[in-house]
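Naming convention: chains lettered A, B, ... in sequence-line order (proteins, then strands); numbering from 1 in each chain.
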Protein chains: 2
Amino acid sequence: MHIDEGTALTTDHGRAGAQSSGPAEPRRRPRLEDVASALGVSIKTVSRALRGDPKVRESTRQRIVAEADRLGVQLNDVAAGLRRKNQAMTTIGVTLGDCTNPFFAPMLRGIHSVATERGYLVLTADAQNDPELEHRAIRSFFAHRVAGLIIAPVGDDLGYLANEAAFGSAIVFVDSPPPGLGESMDSVTTTNAASTREGVEHLLARGHQRIGYLGHPRRGSGAEERWAGYVAALEAAGLRVDPDLVRDELVTEADACRAAEDLLETARPDAVFVDNNRLCTGLLQSKAFARRRLDVVSFDRFELAAAFGVSVIDSDPYDVGRAGAKLLFDRLADATRPPQRLEVPARLVVHEDPMY
Amino acid sequence: MHIDEGTALTTDHGRAGAQSSGPAEPRRRPRLEDVASALGVSIKTVSRALRGDPKVRESTRQRIVAEADRLGVQLNDVAAGLRRKNQAMTTIGVTLGDCTNPFFAPMLRGIHSVATERGYLVLTADAQNDPELEHRAIRSFFAHRVAGLIIAPVGDDLGYLANEAAFGSAIVFVDSPPPGLGESMDSVTTTNAASTREGVEHLLARGHQRIGYLGHPRRGSGAEERWAGYVAALEAAGLRVDPDLVRDELVTEADACRAAEDLLETARPDAVFVDNNRLCTGLLQSKAFARRRLDVVSFDRFELAAAFGVSVIDSDPYDVGRAGAKLLFDRLADATRPPQRLEVPARLVVHEDPMY
DNA sequence: CACGTAGGTGTCAACGTTGACATTAGAGTT
DNA sequence: AACTCTAATGTCAACGTTGACACCTACGTG
């Protein structure tokens, strides 16, 4: 690629030695100094002007901004980062246990929205449900000197983070509280137990007595709390938990699909509560469900729940994301305040089967 | 800030100076120098050892790695970035037109997978279908000195990127070719026309003649090509395009839902082709569809397509992501090669309505 | 008029790392 | 013994920015 004079646009600041044989020598990015020398001011003044420091005469500021625009000069965040306390970049890291979970996309959007407001960028990592990948991603994030971290954890011991927090990095957990870190960190979870109970009570109120349960492993992600909500609802209604109606330790959609075939065939529930959206979509894809549609309540929203008439317990993931990000920036602003544990309320969204 | 001797590591890192009045003074992160002085070698040697430079005696390397581990020293990517050509970080940026589109999550995973292999991190931005946000995100990315950029564009003139490419940044477009940049950049798209034609022919083969069309605006995202595929299939079958069967300029799910109500009620198609997944989920949520389920083929996969018996044209987004990321790193490795336009083949995945 | 004050601007030395080049020690060669 | 060669290590000056602090001017104020 040969860069000819016309490429310039904002202006041409071609590096003179045009007869250089080799091709594609990339141009050097313009820096503060280019503006400074063009205008006969110091680099420092340019720096100040571009960052909106008020200690610059308005007329100077305008000249500088104009020239910077003309040259296409933009502050180098990397260099600026190096100068900051802790060398922190204006970047936050987000690790997702599984980025294809439909819960996470809107959550990420919530995080983005807050980060953008504050002028931060978002690094993402997809742990693919593997604690080892999660750990590696987090290490990389710190090597990049993120200002903070939002973690939807998959590992069950993140003790190694305690270290990092001591270096001034803010850390917030979303979706599930900090495994292996006691109460010492900020987190955003949702009303797992109460909302599950509400969901199961909804099914009871519709006259169902035999309510199946599909759940993921009890550790992490509030699975215990959701289970507790299920138990509580049944007990309050004077019903016993029937182990035949329960399938847990399910992880993938395929697990849930298989479990659903089995559950619906053998235990014949009137209705089913599902502990998260991934498992619910598994259920919906089972032949047994297609044959005999029954009332379902799922934790977590998913696309098309309405079209299936599946009621969901929706802990608005966008809000979870925003709340998590806000918590992060608050902690960044004040490292001393006590750890916060936020609970975003989840609400039951009832959907009727559109096919009656 | 007072750095005390015991700063050590993975273990108990009580910040000793307990009597310090102000709380939470973060410790200083250990650096190469800490290892160097602990071992009586130069910083440079530590740098070499930690980066795997072979010009270090094996025994020295081991001592250094061990000590670095003990102290929790990790290379500072920010500082290293500053030293690199173009000050590029080991980071790539990804802008998504709409991060909640189910197409993008697996694509992002594909990008992550390649980036991780190469030791790069991924910055994401969500343009929310707003060209202005897209532009701002891209500017921020460059301020952070990303090595390269993967763009699923929403804006219809990204001419401002030409500049950046000249500074040595690699840029790849996914999903839709570079608007306003001619043929000058790498891109990954899919077989829009051919696969659409295949999808429509599938509907024709099932005996349908009146095939509705729901589509998004013709500019961008291969909408034109998809439309062309629809037209070609009909014409090949000796059918005319009936304008009553076509609804386009649809953007949101709600648009599609409304359009579907109208289309199904008034024009009474036998089957429908939908131009993307977002619109398809809109269709599926319409009352008209719930009442009268008909054969549907949609471009782009979405969760639960199988459960609805909707056939999809699946341009495996994971592969698109991987291909895009590979293109990016290839360009980073060789800026001079001619721009590549990759087409990932999309294949028709037929699903039968599970309810018969 | 000496003196403080505030508003602009500049100088200098970092930040943590690495490229270029210098140095040293030891082994091998004549 | 004088030499070359190589492997291993070190020194120094960047990279582009900003914090700390110095300076200079103009403008009160007593």
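- Among the protein residues, Val78(A) comes within range of no part of the nucleic acid, since none of its heavy atoms lies under 4.0 Å from any strand.
- Residue Gln87(B) places its side chain closer to dG16(D) than to any other of dT9(C), dT9(D), dG16(D).
- Listed nucleotides dG19(C), dG16(D), dG19(D) differ in distance to Lys44(B); the shortest reach to its side chain belongs to dG19(C).
- Among the protein residues, Arg51(A) comes within range of the sugar-phosphate backbone only, with heavy atoms under 4.0 Å from sugar or phosphate atoms but none that close to a base.
- Map Arg57(A) and Arg145(A) each onto its nearest nucleotide of DNA chain C; the residue landing nearer the 5' end is Arg57(A).
- Under the 30°/60° scheme for interplanar angles, the aromatic rings of Phe329(A) and Tyr120(A) are found to stand perpendicular.
- Of the candidate nucleotides dT18(D), dT18(C), dG16(C), dT18(D) has the atom nearest to the side chain of Ile43(A).
- If you check distances only, the side chain of Arg29(A) never reaches the base of dG16(D) with a donor-acceptor pair under 3.5 Å.
- Atom CZ of Arg84(B) and atom C1' of dG16(C) are 13 Å apart (whole Å).
- Between dT9(C), dT18(C), dA8(D), one nucleotide has an atom nearer to the side chain of Thr45(A) than all others, and that is dT9(C).
- Following rounding to the nearest Å, Arg61(A) (CZ) and dT9(C) (P) show an atom-to-atom distance of 12 Å.
- Residue Arg48(A) places a side-chain atom within donor-acceptor reach of the base of dG10(C), judged by atom type and a 3.5 Å distance cut-off alone.
- Classification of Glu117(B) and Arg322(B) as a salt-bridged pair holds, one side-chain N sitting under 4.0 Å from a carboxylate O.
- Across dT18(C), dT9(C), dT17(D), the shortest atom-to-atom separation from the side chain of Lys55(A) is found for dT9(C).
- Proximity note for Leu82(A) (side chain, C-beta onward) versus dG10(C), dC15(C), dG19(C): the nearest is dC15(C).
- The nearest heavy atom of DNA chain D to Val46(B) and to Arg83(B) marks one nucleotide each, and the one closer to the 5' end goes with Val46(B).
- Of all nucleotides listed (dT18(D), dT18(C), dT9(D)), dT18(C) comes nearest to the side chain of Ser47(B).
- In terms of polar N and O atoms assigned as donor or acceptor, the side chain of Lys85(A) never comes within less than 3.5 Å of the base of dG19(D) in a complementary pairing.
- In terms of position along DNA chain D, the nucleotide closest to Glu58(B) lies nearer the 5' end than the nucleotide closest to the other residue of the pair Glu58(B) and Leu32(A).
- Considering only side-chain atoms of Arg28(A), the nucleotide from dG10(C), dG10(D), dC15(D) that sits closest is dC15(D).
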